[in-house]
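Report on the structure given below.
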Protein chains: 2
Amino acid sequence: MKRNDLNDGDGTALPTNAARLGTRLRLARQTRGLTLKALADEAHCSESLLSKIENGKASPSLPMLHKLVKVLGTNIGWMFEEADGEEGIVFRAGTRPLISLDPLRRGEGISLERIIPYSPGHLLQCNIHHVEEDGESAGPIEHVGEEVGYVIAGEIELIVGDEVFRLNPGDAFVFKSELPHHYRNVGKGRASIFWVNTPPTF
Amino acid sequence: MKRNDLNDGDGTALPTNAARLGTRLRLARQTRGLTLKALADEAHCSESLLSKIENGKASPSLPMLHKLVKVLGTNIGWMFEEADGEEGIVFRAGTRPLISLDPLRRGEGISLERIIPYSPGHLLQCNIHHVEEDGESAGPIEHVGEEVGYVIAGEIELIVGDEVFRLNPGDAFVFKSELPHHYRNVGKGRASIFWVNTPPTF
DNA sequence: ACATTTCATTCAAGTCTCTTGACAAAAATT
DNA sequence: AATTTTTGTCAAGAGACTTGAATGAAATGT
């Protein structure tokens with residue numbers, strides 16, 4: 001017997017769950033700017049498999065899924081978190097998930113503290129960027145939208161377009177995402193930036 | 001002579017303008033979901049040329065540019081419209097305009113520190129809300145969109161829908177703007193909240 | 001006028017990303 | 001234990017974009 005889609009025992013197709021997981025994985029990957037190959041290499045599996053998983057044509061084994069979320073800097077729970085209304089409003093300091101950008105080639109010494117948990121339907125993205133001493137975001141990225149941020153602590157250098165700014169705690173910035181931008185920690189110790197932007201992938 | 005980038009007469013590279021135009025063209029194309037080939041077919045030119053233009057490795061002739069914007073449904077002017085970037089990117093602590101809400105009957109003991117200056121075309125609104133001891137925002141407002149905030153200092157009570165939260169520095173929140181919401185300072189001294197929301201109008 | 005340079009533009013070949021189908025091996029089901 | 005499912009790999013392929021060499025037309029210099 002040949003099938004194009006997963007189903008349960010009694011013949012009813014259930015692309016729903018597999019597809020949903022796949023979609024989330026894809027979004028998580030894309031948000032981090034990874035290609036299938038890049039993720040496959042990090043997670044030690046084949047591109048092919050990832051492609052199938054993301055398209056709901058296969059569902060990862062638990063060990064596999066574990067490797068994936070690890071590389072993506074998420075946790076398995078997140079992938080299944082229900083997206084409906086009853087999501088949290090308040091997220092306490094110290095209880096928010098951290099994802100490290102280091103292994104992902106999107107920046108060195110940078111970790112993101114998720115303020116808005118992953119879930120489709122949000123109009124905003126929001127993270128606290130923690131930048132270790134000498135940490136630096138990877139090459140400029142351009143996408144559609146707008147960004148706004150507030151320096152909570154530390155001293156950072158922000159490059160937007162061809163302008164360079166040195167920012168201290170309390171300073172804020174706004175710019176269109178289509179301007180190439182990146183930043184680096186130029187002070188002593190860790191720097192933190194509260195960062196909000198309109199959705200990266202659209 | 002071989003070059004990778006455009007330059008002017010005296011040898012200084014000027015990727016800036018060409019690159020900016022390229023970026024806008026790419027954005028316009030992608031926004032419309034066109035591939036290089038699709039656009040090339042419509043505009044009767046080669047994919048190759050488009051690729052180079054978008055990457056700032058060539059700059060279109062005027063007739064060419066005209067064909068492109070025509071297919072893309074824009075006008076040449078838009079391609080060169082100065083990035084609203086000229087309105088400032090960084091806003092230093094202590095230099096930002098303050099607006100008191102009291103005379104507006106929008107709250108007592110509250111003043112807003114504008115991070116994003118008012119100007120149409122912004123996708124985000126952003127202010128720091130300074131709330132004096134015992135200050136309180138006026139009755140719940142509802143609009144369309146989403147809000148996210150971060151408590152910089154002080155202790156506040158946030159009421160969203162029928163839920164009440166007590167927030168301390170470092171805590172963050174997110175909610176849909178259509179939920180009725182307001183807040184009050186419940187600590188000693190002034191409280192400050194970094195607050196971002198999608199524009200209330202539209 | 002003529003030679004030279006510059007640069008938009010094309011064609012063809014190459015690269016990169018992702019998808020698909022056939023198969024092996026492991027796991028689950030009967 | 002035998003059979004069916006299904007993860008996972010490999011290799012081939014399709015699509016989107018990039019790059020380099022070649023062309024030709026305009027601008028520049030002599």
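Convention: sequence-line order gives letters A, B, ...; per-chain numbering from 1.
For the pair Lys37(B) NZ and dC17(D) P, the computed distance is 12 Å after rounding to whole Å. dA8(C) atom C1' lies 12 Å from atom CG of Leu62(B), rounded to whole Å. If you take NZ of Lys67(A) and P of dT9(D), they are 7 Å apart, rounded to a whole angstrom. Taking atom CG on Leu49(B) and atom C1' on dT23(D), their separation rounds to 14 Å, with Å as the unit. Atoms CG (Leu50(A)) and P (dT9(D)) sit 9 Å apart, rounded to a whole Å. Atom CG of Leu25(A) is separated from atom P of dT7(D) by 14 Å (rounded to the nearest Å). Atom-to-atom, NZ of Lys57(A) to P of dG21(C) comes out at 7 Å; the value is rounded to the nearest Å. Between the C1' atom of dA16(D) and the CG atom of Leu34(B) lies a distance of 13 Å, rounded to the nearest Å.
Base contact: Ser46(A) has a heavy atom under 4.0 Å from a base atom.
Candidate nucleotides dC18(C), dG20(D), dG8(D) were compared by shortest atom distance to the side chain of Leu36(A), and dC18(C) ranks first. Of the listed nucleotides (dC17(D), dT9(C), dA22(C)), dT9(C) has the atom at the smallest distance from the side chain of Pro60(B). With dG20(D), dC18(C), dT18(D) as the choices, the nucleotide that has an atom nearest any side-chain atom of Ser48(B) turns out to be dG20(D).
Both His44(B) and Glu47(A) lie close to DNA chain C; mapped to their nearest nucleotides by heavy-atom distance, the more 5′-ward contact belongs to His44(B).
In terms of phosphate contacts, Arg26(A) brings no side-chain nitrogen or oxygen within less than 4.0 Å of OP1 or OP2 of dT17(C). Side-chain nitrogen and oxygen atoms of Arg29(A) include none within less than 4.0 Å of the OP1 or OP2 phosphate oxygen of dT17(C). In terms of phosphate contacts, Asn55(A) brings a side-chain nitrogen or oxygen within less than 4.0 Å of OP1 or OP2 of dT19(C). For Ser61(A) and dA27(C), the shortest distance from a side-chain N or O to OP1 or OP2 is not below 4.0 Å.
With no hydrogens or angles considered, a side-chain donor-acceptor pair links Ser177(A) and Glu147(A) at under 3.5 Å. The closest side-chain donor-acceptor pair between Asn168(B) and Arg92(A), if any, does not fall under 3.5 angstrom.
Under the 4.0 Å criterion applied to side-chain N and carboxylate O atoms, Glu157(A) and Arg184(A) are assigned as salt-bridge partners.
Using a distance-only test at 3.5 Å, with no hydrogens or angles considered, no donor-acceptor pair links the side chain of Ser192(A) to the main chain of Ala153(A).
One donor-acceptor pair, N or O on each side, does fall under 3.5 Å between the base of dT9(D) and the side chain of Lys52(A).
Ring planes of Tyr183(A) and Trp195(A): tilted class, angle from 30 to 60°.
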